[in-house]
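Computed from a predicted structure; not experimentally measured. Atoms considered below: every heavy atom in the structure, side chains included; atoms not considered: hydrogens, waters and symmetry mates. Just follow the structure's listing: the first ligand is 1, and inside any ligand the first atom is 1.
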Amino acid sequence: MRKEMSERLINYAEVNLDHLAGNFTAIKKRVGKEVKMAPLVKAEAYGHGMVEVARKLASLGADMLGVFSVAEGAILREEGMGLPILVLSGFWLEEAEAVVHYGLTPAVYNLEMAEALSREGGRLGKKVSCHIKVDTGLNRLGVDFSQAAELALKVASLPNIEVEGIFSHFVFDEPGNEVDEEQIRRFRWVLSQLEERGMRVPLVHMANSNGVVSYPDSWFNMVRPGKLLYGCPPKGGVIPGIKPVLSVKSRVFSLRGVPPLTPLSYSHTYKTERASIIATLPIGYADGLSRLLSSNGEVIIRGRRAPIVGVVCMDYVLVDVTDIPGVKVGDEVTILGRDGDEEITAREIAERMGVVLEEVLCHLGSSLPRVYVAEGKEL
Ligand SMILES: *Cc1c(COP(=O)(O)O)cnc(C)c1O
């Protein structure tokens, strides 16, 4: 009989593709069928595994996939993905040939980029699609909104290239500040300039997860959700039907009873107050469990929370299980996710660490072997 992969692994990240599908549907329902979906699979799909997630999203009817780099786009093509792939960062000029060769749709934010694409398109006999990346306030990458319409018109006048889309990106990740509204106004101003000059751009997009939840006037005709798709709502709120996709499991490796005032783990930063039962788990910062959780985080064992005690080591962490009856070596431990009535979310871990939840997903999801679940079964 085939043994489930999760039974052979001590630590693993479970990626629930059924929840991913549910989240995709929930977002689609929120924005309506007129609005296209360009889910983001950058950073190994926020730690969930880029190729597997991309395959699932393609089967769910995603219109386009968003990646950070040409290298990520190339991997997806090599894996046989036929969907349009938007490269959000654009490309180094030396990568123009790869962009055209792989049929990627890069962000473009200056004329040199467009000229390089136009040239390679001519050489390889292909028409290249691009999206103009407009900076409306993030001041990171993109053509300044004041110059954007002019650039779009120039790019569109080059041979072998099509301005298929135009987009911008929010500064804040929660609603309720004036900058968001100003960004939407600036972006709309660019669009109105294009309209005045008679240029039609088929795809217009701005909304990330926060935009999907809080700003319907940023949806235009395509949205680019990331964290919400992975079941992690932005601070500003949630929509119905969203469930976390990633959970992280370990197991109790050893148990010991210790007297009061026993110092634990490296540097003896923690001392027991009472006679305690301490469980050693074989998971540490090498597996993405941050050292910032030292005497700070919690895990779930037998449906109850157990605090992390002492510093997180490279391959181990200690937890206090004194208050949980019947803990045994080999018991399943939930580092991230749900067990019974208890749930530890990426948001909780992120707040304990003082980082954003994306960072938690990326580290935990990318440091451990991933087990994929679909239709309730391991793949
Ligand atoms: C990462 C990213 C997104 C998605 O952001 P979420 O907050 O995870 O939804 C959207 N657009 C761009 C340009 C991004 O870099």
Under 3.5 Å donor-acceptor, Asp135 side chain and Arg140 backbone: yes
Distance filter under 4.0 Å to Lys227 heavy atoms, resulting ligand 1 atoms: 6 (P), 7 (O), 8 (O), 9 (O)
Test ring pair (Phe, Tyr, Trp, His ring centres under 6.0 Å) applied to His205 and Phe220, step by step: CA-CA 6 Å; His205 48 111; Phe220 301 96; 9.3 Å; no
Heteroatom proximity flag, Glu358 to ligand 1, N/O under 3.5 Å: no
Nearest neighbour in protein (non-hydrogen) for atom 9 (O) of ligand 1: Ser209 OG, 2.5 Å
Proximity to ligand 1 by part of Asn208, non-hydrogen separation under 4.0 Å: both
Member of Asp18, Leu361, Asn23 meeting the side chain to side chain contact (heavy atoms under 4.5 Å, CB included) criterion with Val245: Asn23
Check: Gly226 N/O within less than 3.5 Å of ligand 1 N/O: yes
Check: Lys133 N/O within less than 3.5 Å of ligand 1 N/O: no
Leu40 neighbourhood, listing ligand 1 atoms whose heavy-atom distance to it stays under 4.0 Å: 1 (C), 2 (C), 3 (C), 4 (C), 10 (C), 11 (N), 12 (C), 14 (C)
Salt bridge (Lys or Arg N to Asp or Glu O under 4.0 Å) between Glu182 and Arg185, intermediate numbers included: CA-CA 5 Å; Glu182 180 60 20; Arg185 263 196 301 280; 2.9 Å; yes
Shortest non-hydrogen contact from Phe170 toward Gly211: CE1-CA, 4.2 Å
For atom 11 (N) of ligand 1, the protein heavy atom that lies nearest, with its residue and separation: Arg224 NE, 2.9 Å
Derivation of the salt bridge (Lys or Arg N to Asp or Glu O under 4.0 Å) call for Lys154 and Glu150: CA-CA 6 Å; Lys154 278 194 189 141; Glu150 200 180 323; 3.7 Å; yes
Phe68 and ligand 1 - part of the residue with a heavy-atom distance under 4.0 Å: neither
Test salt bridge (Lys or Arg N to Asp or Glu O under 4.0 Å) applied to Arg251 and Glu332, step by step: CA-CA 5 Å; Arg251 290 204 206 138; Glu332 183 181 81; over 6 Å; no
In one Ile/Leu/Val/Met/Phe/Trp/Tyr side-chain cluster, 4.5 Å: Leu368, Met50: yes
Protein residue, atom and distance nearest to atom 12 (C) of ligand 1, heavy-atom basis: His169 CE1, 3.3 Å
Backbone or side-chain N or O of Lys42 under 3.5 Å from ligand 1 N or O: yes
Ligand 1 contacted by Tyr46 (non-hydrogen, < 4.0 Å): yes
